[in-house]
Structure formats: structure tokens, C-alpha cells
K.L.:
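The structure under discussion is supplied below as C-alpha cells; questions concerning it will follow.
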Number of protein chains: 2
Amino acid sequence: MKLGQVTIKDIARELNVSTSTVSRALKDYPGISDDTKKKVKDLAEKLHYRPNAVALSLRKSKSFTIGVIIPEVVHFFFSTVISGIEEIAYANGYNVILCQTNEKLQRELSSIETMLDNQIDGLLVSFSKETENFDHFTKLMEQNFPIVFFDRVPDIENTVNVTVNDFKGAYDATKHLIEQGYKNIIHLAGPKTLPISAKRKDGYKQALQDHQMILNPEWIIPCPIGTQEESYEITKTLFKSNENHPDAIFASNDIAAAGAMMAVKELGLKVPEDVGIVGFSNWQFSSMIDPPLSSVEQPGFEMGEKATAMLLEMIEKKKESNWEAKTIVLETELLVRKSSQK
Amino acid sequence: MKLGQVTIKDIARELNVSTSTVSRALKDYPGISDDTKKKVKDLAEKLHYRPNAVALSLRKSKSFTIGVIIPEVVHFFFSTVISGIEEIAYANGYNVILCQTNEKLQRELSSIETMLDNQIDGLLVSFSKETENFDHFTKLMEQNFPIVFFDRVPDIENTVNVTVNDFKGAYDATKHLIEQGYKNIIHLAGPKTLPISAKRKDGYKQALQDHQMILNPEWIIPCPIGTQEESYEITKTLFKSNENHPDAIFASNDIAAAGAMMAVKELGLKVPEDVGIVGFSNWQFSSMIDPPLSSVEQPGFEMGEKATAMLLEMIEKKKESNWEAKTIVLETELLVRKSSQK
DNA sequence: ATCGTCGCCGCAATCGTTTGCACGATATGA
DNA sequence: TCATATCGTGCAAACGATTGCGGCGACGAT
């Protein structure tokens, strides 16, 4: 990558001084005459000198780059998180390098390796569905490497996390359906490996229990794949086989909710009159479908910001070895739209 | 970023050889005895030695990293392009560093600067809406720095591009509406600064012309912001004020189409009976709204793959100075759904 | 016995930047 | 006049890896 990049040496040669003088002059170090400082700065300006970040990384063992491990960018929620991350990172002079795992553990492992090779200063992680063992993270954390988990946080000790109150979000959504007069509420659950799936399920169960409603275990239906087609098929089968079909659906994400909505509509049932539906995450499309989908909004941008701020703090305080475990929980907001209002 | 990273020196010290020997042994260079090679490799394995990518970058003036400049990741189409880019890049041992411009020129400029500071080997660009001057790119290209433009390609000379046949996509969509019997087709156009907007508009115009239909310039309505709300308002106003309202809409993207659909539905008009609608880009939600939206599918993943493959080729052939200008045009596919079938 | 060859390896420079230390010149004080 | 302080600057090592060149010992050939 030549580009005829101007280096500190070029400036030194031109001015007949040493590279050390140039370096110090540019940084306004004491012990350099104002005259020299001015000359150096002027020439640097004129030649469009920009320090070589790679050389700096090598010298300082610090790259001012953070790595982000994310399942998928297409996931609307994650794309908003990314924006939050970039915002804080850039504002503090850090770069962001991003890797999608596509929900594959293998990809997660190899991405982390290459990122480490590139001397990232810290890691922001939302792990894949396949990740059930966290040794690759604990190993790093034992070496005092800064890691912050967001959204999908592992169920292990001494981690720093930013997450959302999935329990309460699910609780609120279910409670809302109950208050609307729906009696038989099923839950389309997320992948079992993800703690967030469990928390949402728990919120659903707790809401039913608090309102003296029967909890039918058969009405908690896992959707491990997470596509719209999957929930479409599941819902269709369920509603067809049951003359006493459920009258409401709380889905652990909007994609599943949308699939379910298509299914019930196709069966001639009306939303929200016959079936109420609430989703989770408030995807971009949720307000555009018919009827508009009620959903639990997660503060993605804020999550990105918070997680990054914490990571940068850890990075800058690196010396003071152990940082305490900490979990920030952000609150969700139930957006009631037409799909759940009788 | 210490991490107690093992270096080539650690291996050298342990084995009482020089670092040069270790380096050569690891790379299977000639002139090192099989015995030494084995010892070095075994120890490297045992200590989990991994070469320091930063040191390599500095030494070789090559970072095996490519930069990607993209308007927004939330944009469904772009997120699929990213996947295509990562696919090819990783397969060839390259890293990807990604920056969103959020459609801001300032962000575009500063992102490029920091990426260059980090010694990227090449750049993949889809520029922002605000970018009307391309000097920051031409300056780099004059210095023989590898750049490939994708989707949004600049209207300047000697560039390497991957784009989609926007003209034909728009032409096909409009033709389809005509063949369905719609008579008064309006066009919700994209931001004027983007060449793709112009091409889509041209395709629309050509289709009307080829079918002896009147081209009413007032029915080409710009949507410079690109939000759903904008097209919603525009459509509502237009349809309300005209008792002789149009009977079809070709929108330059699905978001605008969705907004328009909401507007006409709210006015009591039926889609597709009263108004036919076709969008562009085939967003994730397009098949989920009611009625499902017809749209022009763009091969995003393939675009990412092609662009990256071309960029890597340019990088590896760097020495042979000038690469020829080239534009790959990928074909679109019209997905006919319910929103446009009378 | 001498020379050439070859196999195996180390020295040192290099990439661009930072930084501890020392050096020379001038100024200050006794 | 000489020791000492102060100021401005340069030398050289360091970060981790690569690589051209040269050295050294062993061996075969003459």
C-alpha cells in the first residue's frame, strides 16, 4: 500500500533534523524550540502527513481498534446496535472491525482468532446460536482481555454485559394480551441455546401465572430455526388440528410473529378479532404489515453505545487488572399496534 | 494487547537459534535442516504461536485487509452484499473493515482517511447520497490504489464497478404493470444525486414510451428522503387531490412502495384491484406485507462476491500498474406477487 | 595439503514511530 | 575561570517479522 505515503522520515530529511525531533515536535513535547515545532508542523501540513497507524500499533501494542462479533447484520436489531457501537467508537478515536458469524460456532472461533492476530484492543460479542461452550471467551478473560457481551450474554461468571430486560418485555407483552381479553395464549419460543429465549419464555409464564391463567406446556412451541416459514408451518398445523385453537400468540421475535400472522390469516381468521399477536424486537417492517404488529421495542442503538462505552473504559484502565463483573439491563417498551387490540 | 502473545523471539530463545531461523523454519524455506524445522514447528504448535499481523503489515506494507464503505447496514440489500463480501474475503485470507456513512459525505471522507491510516489494501465503495464530487476517490485511483464501486457507481471514467441493470429492472416492472392493464402509472423516484435513481426512472419512461403510453412528467415524483413516511404523505396527498387518481405505482424502492401502499389502503382503495404497486430491491418484509409486494430482486450476495473478487484481483496484480476500467452488470429479476396482479 | 562446494545458520537492516538517555552549546552563578 | 544548570537536539533501541548476504564447518576432489 505505497501510495507514496509521507513518513516522519521524509519530513526529517527535508528539514535536516532527526526523526525523533519531528515526532516530538508534532506531539508538542517539551524540549523542542518553538521555531522547530512550527517548521515541522507546517511541512507536515503541507505534505499531508498522516501517521501510520500500523507502525503505531506495533510500537504501542495497541491498535485503537475493537472487534465486534455479531450473528447477522440482516437482523434489524443488530444493525441498530452496530450504529450505536460505531457512534461511540469513532467519537473516541477507535476503529471497528466487524464479523458476522452467520450463527456458526466455527465462524465465531476463526473470526476471534484473526481479530486477535490483528491486535484488537477489545471485543464486543453477541454469540451464535451454536455457542454453548464459552471456553474461547473465558480463556481470553483470564488473560485480562477486555470483552463485553451484549444482548446474548453467557450464563457464566465474571462477565461484563449489556442486555435487555427480556423477562419484563415478555411479561408486559403477555400481560397486555391477557388484559385485552385473550384467553388461550401460545408462545412461539426462540432457540433453546439462547438465554434470551429462556428469559422471554419465563416472562410469558410468569404473566400467565400472575393472572391465574392455565399454563399449558404444549403451548410453548420452540422455533429453533427462526425463519418466517418455520413459524408459518408450525402455526398452520397447530391451528388446523385444534378446533379449539388458541386465540393469541406471543412470539419471541417479529419474524416468527409475521409467519404466524400469515398462517392465521390464510386460515380465514381475523387479526386481532379472532387471534391477537405480539412480537419481539420491533423490526422495521412491523409497522408496515397488515394489521401492524404489536411488538416489544429493544433499545438497540443505546445498547451499542453502552456496551462500547464500557469496553473502552476497560481498555483504558487495563492496568488495574481485574474489572468487576457488571450487567447493565436496559428496559424495553411495549408498542401496542393493531394486531393485539380487540 | 499483551495477552502474553508468543513471538518468534520466544521460540528462538527457547531453542537457542536465531529469529531468522525460526522464521524460515516456519515457512519451510530451504536451507534449514529437517531436524531444526521439526523442532521449531513443534514448539510453535505447543506454545500456540500465531504471527503478529500488525508486524507483518508494517514489514510488507500490506495488511490483507479491505475496507468497505456502505451507506447503511439496516438497508436490507446492503446487508446481503456484506455477506457476499465477507464470504470471498475470508476465503482468500483477507479481513474486512466496514464503515457506515449514514449517507453523510463527512463520514465518508473521514472513514476513508482512517482506513488508509490502517493500511488497507483496497476499497469497496457504495457512496453516500450526499456525494456528488468524487475527487477523494479519483485522487486515490491516480495513485493506483485499488477501488471497486458497487451498486452506486460514479459517473466518472476509468473506474471498476459492479452494478445491477437498474434500467432493465425498472423497465420490466413498468412493463409488467402495463401488461396487467394499469393505465396511469406513477413513479416514486429516488434521490436525484444517485445514478441508480436516474436509471430506474429512465427504465420507467422507456417502458411507457415503448407501449405508446403518455408520459406525464408530473407523475414522476421524487422522494429525496427515502423514508416510508415520506412516500406515505406524498401518495396520500396525490391521491386525495386527484379524483382521476393514478391506478398504479412503480416505486424506486420497497420502503417507498410500502408507504404508498399504506396510503392507498387507508383511502379505501384496494390493492391490486384499484391500484397496482411494484417496488424495488425485494426487502425482507416485502413478502410479508398484505398484499405481498411485487418487487425487483437484486442479487446482493452475488454483487458482494463479484466486487470482492475483482478487488482482490486488482490487489494481487498491483505491480502491473493500470488495470482497465470495467463494469459488471448483474441482472435483476421481477418477482410478481399479489400487489400487482389484477 | 589445498581449494571449492554445499548445507545450515546468524547478522543486521528494514518497515514507521516512540522514547530514554546522552551530548554539545550556551547561559548562569560563584 | 570553572563548575553547573538549562535548552535543544540526536542516537539508538524497541515493537515482531522478513530477508539478502556472509560465515563457518564438513566433505569431496585434485
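Letters A, B, ... mirror the listed sequences (proteins, then strands); counts begin at 1.
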K.L.:
Per the ring-ring contact (aromatic ring centres under 6.0 Å, His included) rule, what does the pair list look like for residues 95-127 of chain A, sequence neighbours excluded?
P.N.:
A:F127-A:F134
K.L.:
What is the distance, to the nearest angstrom, from the CG atom on B:L58 to the P atom on D:dC15?
P.N.:
14 Å
K.L.:
Which pairs pass ring-ring contact (aromatic ring centres under 6.0 Å, His included) with one or both residues in residues 27-57 of chain B, sequence neighbours excluded?
P.N.:
none
K.L.:
For the pair made of CG in B:L15 and C1' in C:dG10, what is the distance, rounded to whole Å?
P.N.:
15 Å
K.L.:
Report, as yes or no, whether the 6.0 Å neighbourhood of atom CG on A:D28 holds more than 12 heavy atoms from other residues, nucleotides or ligands.
P.N.:
yes
K.L.:
With heavy-atom distances below 4.5 Å as the criterion, would you say the side chains of B:I196 and B:D151 are in contact?
P.N.:
yes
K.L.:
Using salt bridge (Lys or Arg N to Asp or Glu O under 4.0 Å) as the criterion, list what pairs up with B:R50, not counting sequence neighbours.
P.N.:
A:E113, A:D117
K.L.:
Give the rounded distance in Å between these two atoms: CZ of A:R13 and P of C:dT17.
P.N.:
12 Å
K.L.:
Distances for protein N/O vs nucleotides 22-24 of chain C N/O pairs under 3.5 angstrom?
P.N.:
none

K.L.:
Would you mind classifying the nucleic acid contact of B:D117 as base, sugar-phosphate or nothing, using non-hydrogen atoms under 4.0 angstrom?
P.N.:
nothing
K.L.:
By salt bridge (Lys or Arg N to Asp or Glu O under 4.0 Å), which residues pair with A:K38, not counting sequence neighbours?
P.N.:
A:D42
K.L.:
Return the residues of residues 17-33 of chain B meeting this criterion: a heavy atom under 4.0 Å from some atom of DNA chain C. Order them by number, or give none.
P.N.:
B:V17, B:S18, B:S20, B:T21, B:R24, B:G31, B:I32, B:S33
K.L.:
Considering heavy-atom distances to DNA chain D, does B:K9 or B:R59 have its closest nucleotide positioned more toward the 5' end?
P.N.:
B:K9
K.L.:
Quick one: side-chain hydrogen bond (donor to acceptor under 3.5 Å, both in side chains) partners of A:K39, sequence neighbours excluded?
P.N.:
none
K.L.:
Nearest-Å distance, CD1 (B:I8) to C1' (D:dG16)?
P.N.:
8 Å
K.L.:
Does any pair with a residue in residues 123-144 of chain B pass salt bridge (charged side-chain N to carboxylate O under 4.0 Å, His left out), and if so which ones, sequence neighbours excluded?
P.N.:
B:K104-B:E130
K.L.:
Can you measure B:K60 atom NZ to D:dC15 atom P for me and round it to whole angstrom units?
P.N.:
21 Å
K.L.:
List in chain and number order the residues that pass salt bridge (Lys or Arg N to Asp or Glu O under 4.0 Å) with A:E87, two or more places apart in sequence or in another chain; answer none if no residue qualifies.
P.N.:
B:R107
K.L.:
Would you list the atom pairs, donor with acceptor, under 3.5 Å between side chains in residues 76-84 of chain B and any protein atom, with sequence neighbours excluded?
P.N.:
unit_1	atom_1	unit_2	atom_2	d
B:S79	OG	B:F76	O	2.7
B:T80	OG1	B:F77	O	2.6
B:S83	OG	A:Q100	NE2	3.3
B:S83	OG	B:S79	O	3.4

K.L.:
For DNA chain D, what residues of residues 34-57 of chain A have any heavy atom nearer than 4.0 Å?
P.N.:
A:T36
K.L.:
Taking only residues two or more places apart in sequence or in another chain, which ones pass salt bridge (Lys or Arg N to Asp or Glu O under 4.0 Å) with A:E305?
P.N.:
none
